[in-house]
**Q** 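Have a look at this one before I ask anything.
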Amino acid sequence: MKNYCILYILLCFLSCSKNEQIEKEVTNKSDEKYEKVINELLSKMTLEDKIGQTNLRGTSSRAKTLSEELKQQVREGKVGALLNVMKTEFVDELQKIAVEESPNKIPLIFARDVIHGFKTMFPIPLGMAASWDEDVARTSSRVAAIESSSVGIRWTFAPMLDIARDSRWGRIAESPGEDPYLASILGKAYVEGFQGDSLNDPTSIAACAKHYIGYGAAIGGRDYNTTIISKPLLHNVYLPPFESALNAKAATVMTAFNEINGIPATGNQYLLKDVLRDKLKFDGFVVSDWESTIEMIAHGYAKDEKHVAELAANAGLDMEMTSKAYENNLKTLIEEGKVSEDQLNEFVKNILRIKLRLGLFETPYRDATNEAKFYEKLHLEKAKEAAIKSTVMLKNKGVLPLAKTSKIALIGPMANAPLDQMGTWTFDGEKEKTITPLDAFKTANINYNYVAGLSHSRDLSKKEFKKSVAMARTSDVIVFVAGEEAILSGEAHSRASIDLPGTQENLIKALAKTGKPIVLVIMAGRPITITNIIDDVDAVLMSWHPGTMGGEALQEILFGLSEPQGRLPISWPKTAGQLPYFYNHKNTGRPANREDYVAMYDIPIGAWQSSLGNDSHYLDVGYTPHFPFGYGLGYTSFKYNKIEVSKDTIRFNEDIIINVTITNTGKRAGKEVVQLYVQDIVGSITRPVRELKGFQHITFEPGETKEVSFILSSNALKFTNHESVKAAEEGHFNVWIGPHSASGLKSTFYLKD
Ligand code: BGC
């Protein structure tokens with residue numbers, strides 16, 4: 001380690017930019033020094049130079065050469081950062097022009113969407129959220145940073161921290177799920193992994209908390225759609241993950257495409273100044289999303305490109321991605337007095353601060369010690385571990401784990417879909433490196449036969465049905481790997497129905513007729529409604545899009561070498577018609593309940609209009625999801641015995657301890673994700689029926705009983721009210737400890753002022 005440091009310092013010295021003044025100044029890496037350097041630089045910059053820093057330019061991901069035009073722009077100091085520069089030679093060439101030929105020799109930052117892996121692909125973020133494990137998030141982003149920084153990338157557009165309550169929304173695949181507490185823990189961990197111990201370590205890449213904010217609240221799950229978010233909802237649900245990422249020192253923030261309550265996020269002064277700068281004290285820089293600036297024209301918020309620049313600049317947007325509203329208009333706007341030069345100076349300071357923290361002035365080029373380490377053994381092991389920890393078992397009628405001797409019929413369009421298994425945002429992942437379930441079966445000496453049955457998830461043919469059924473008949477058990485191709489989730493890929501596409505359900509039903517047990521494995525970017533087929537199958541494993549090592553992870557789980565360890569980070573709907581659905585909803589004045597509920601087909605013919613329970617439910621699907629938030633089975637079972645609170649009453653600023661005893665009632669050792677929920681029964685604004693406030697991963701030997709304790713601080717009971725004041729309120733609270741959001745042992749306490 002010591003040698004590495006000396007080598008690193010030496011290399012820094014050798015590869016320093018020519019700007020000797022800056023070189024000297026930044027050797028002391030304190031922020032105070034940085035501010036001095038920033039001000040000195042700023043005093044030398046022309047208006048054009050400053051505007052140049054606010055420009056994030058993109059190149060085509062297919063470009064084989066570097067355009068002379070782009071090189072010239074860099075030479076003239078018209079570019080502050082670049083995204084999607086694919087070839088490392090191009091990265092080096094452009095950086096050389098920036099630090100040797102541009103007016104102020106300011107280095108560029110090279111950005112890329114490194115979302116859930118660079119080469120070694122981890123499960124999609126919604127999958128990693130199912131691990132409920134901050135180590136999984138931290139490790140995945142560390143591996144991604146190590147791999148991507150080795151080719152010159154120093155900035156990723158991740159983590160995506162959009163709370164998502166509607167599985168129709170394609171980008172739910174990239175989200176941390178529906179819960180602000182879980183998302184906050186994961187958000188912090190992702191940032192820590194990307195940015196490492198220090199941003200100026202050559203293997204660190206700047207994180208970008210996105211999309212600020214409310215993007216996941218798009219009406220009807222239609223991407224880019226309108227959002228209507230009250231201030232309490234914004235502060236209590238959508239903001240906490242960002243707050244957490246910024247507390248972990250996320251270097252940058254990306255504005256969202258959507259409007260919030262009529263004002264696009266990219267031109268939203270309340271969000272960018274009042275909340276982000278004044279309340280959260282963010283001192284990095286804010287970048288727009290791809291053309292989200294000029295989309296303010298389509299939103300009907302800006303008249304033209306010049307108006308866009310004025311609105312975005314006065315709202316506090318530091319850097320513009322790909323579009324040119326700033327480049328074309330900021331100078332005139334400043335000359336006309338519509339935007340102040342001080343405002344522009346702030347943008348440049350924020351951008352330079354991150355460039356300094358990244359160490360780019362000292363080490364503008366890829367560090368020679370940071371060699372490409374793609375698909376290292378450890379990276380692959382961690383990716384497999386993440387896939388195992390992310391897999392959620394939703395049903396098991398005793399069929400799993402499979403006996404090693406079982407003869408298996410491996411069927412389904414996702415059983416050997418190396419590209420699709422990687423999921424959305426896998427620019428750099430290589431399908432040739434992906435281990436599919438079929439690959440894993442081949443190498444693990446398993447007694448199996450394989451037929452795809454359907455060539456891809458949307459396949460409408462029934463050509464291979466007969467063959468599949470015949471093969472199933474001669475087997476002991478069917479493992480059907482179903483799902484969605486990667487292209488069916490992710491950006492702009494929302495779906496109105498979230499059933500299995502194509503004829504997958506028909507094939508499962510045909511196979512069920514053989515009487516052989518079926519293990520349904522789902523590889524998808526979102527929960528898939530399986531109400532039509534749940535009774536036809538004996539076990540269900542949700543693998544999400546599990547990444548490079550998904551096949552091996554699945555094979556280990558199927559045969560009991562590993563336990564499925566995931567818990568749902570999102571409520572799993574019975575039908576898309578229930579969406580949006582989230583466990584932390586309000587009680588309403590007429591809460592749904594079992595006593596009053598009359599299902600549609602039980603309503604007597606000619607029933608009197610008001611003779612049925614008038615509650616908040618659907619006649620056809622009731623009022624519960626198929627599987628609740630937090631749900632997931634393992635290979636053993638647990639009994640929650642007794643809950644106790646340390647006191648009946650706590651004062652503000654005090655803690656309460658909540659204990660529970662849990663017994664592993666099964667014959668296998670196993671892990672339980674013990675979850676703590678709270679309900680503030682009466683508030684100055686209504687409070688959710690339950691809110692997650694803690695969880696712990698506890699391992700049990702067979703038959704073992706353990707006491708599990710949670711310390712709940714009264715600070716965790718604070719919420720933002722209609723006056724935008726964040727405080728806890730005196731009153732009664734319910735508290736549950738249980739295995740998921742719809743169950744658990746209950747107690748109460750009183751919070752006293
Ligand atoms: C997405 C962002 C992404 C950006 C750059 C946009 O379309 O919304 O999440 O970072 O493109 O690729």
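These numbers were taken from a predicted model, which means no experiment stands behind them. Atoms within a ligand are numbered from 1 in the order they appear, just like the ligands themselves.
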**Q** Quick check, are the ring centers of Tyr224 and Trp290 under 6.0 angstrom apart?
**A**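 No, too far apart.
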
**Q** Using heavy atoms and a threshold below 4.0 Å, how should the contact between His211 and ligand 1 be classified: side chain, backbone, both, or neither?
**A**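 For His211, only side-chain atoms sit under 4.0 Å from ligand 1.
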
**Q** Any side-chain to backbone donor/acceptor pair from Ser457 onto Glu484? Under 3.5 Å, distance only.
**A**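 The answer is no, because no donor-acceptor pair under 3.5 Å joins these two groups.
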
**Q** Kindly identify the option in Asp113, Leu56, Thr322, Asp289 whose heavy atom sits closest to atom 10 (O) of ligand 1.
**A**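 It is Asp113 whose heavy atom sits nearest to atom 10 (O) of ligand 1.
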
**Q** Please confirm whether Trp425 comes under 4.0 Å of ligand 1, counting heavy atoms of the residue only.
**A**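 Contact check Trp425 vs ligand 1: positive.
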
**Q** Give a yes or no on whether the backbone of Pro546 and the side-chain of Ser543 come within a donor-acceptor separation of less than 3.5 Å.
**A**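 A pair under 3.5 Å: no.
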
**Q** Is Arg165 positioned over the aromatic face of Phe582, cation under 6.0 angstrom from the ring centre and no more than 45 degrees off axis?
**A**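 Satisfied, under 6.0 Å and within 45°.
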
**Q** Show which atoms of ligand 1 fall inside a sub-4.0 Å distance from at least one heavy-atom site of Arg171.
**A**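 Reading through ligand 1 atom by atom, the close ones are 1 (C), 2 (C), 8 (O), 9 (O).
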
**Q** Is Met254 near ligand 1, meaning one of its heavy atoms is under 4.0 Å from it?
**A**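 Under 4.0 Å: yes for Met254.
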
**Q** Are Lys331 and Glu48 close enough for a salt bridge, meaning some N to O gap below 4.0 Å?
**A**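 Judged by the 4.0 Å cut-off on N to carboxylate O distance, Lys331 and Glu48 do form a salt bridge.
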
**Q** Judging by distance only, is a nitrogen or oxygen of Glu491 under 3.5 angstrom from one on ligand 1?
**A**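 Yes.
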
**Q** With heavy-atom distances below 4.0 Å as the criterion, list the atoms of ligand 1 near Lys210.
**A**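 Counting from 1, the qualifying ligand atoms are 2 (C), 3 (C), 9 (O), 10 (O).
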
**Q** Between Asn261 and Ile229 (side chain of the first, backbone of the second, donor and acceptor by atom type, cut-off under 3.5 Å), is there such a pair?
**A**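 Yes: the side chain of Asn261 pairs with the backbone of Ile229.
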
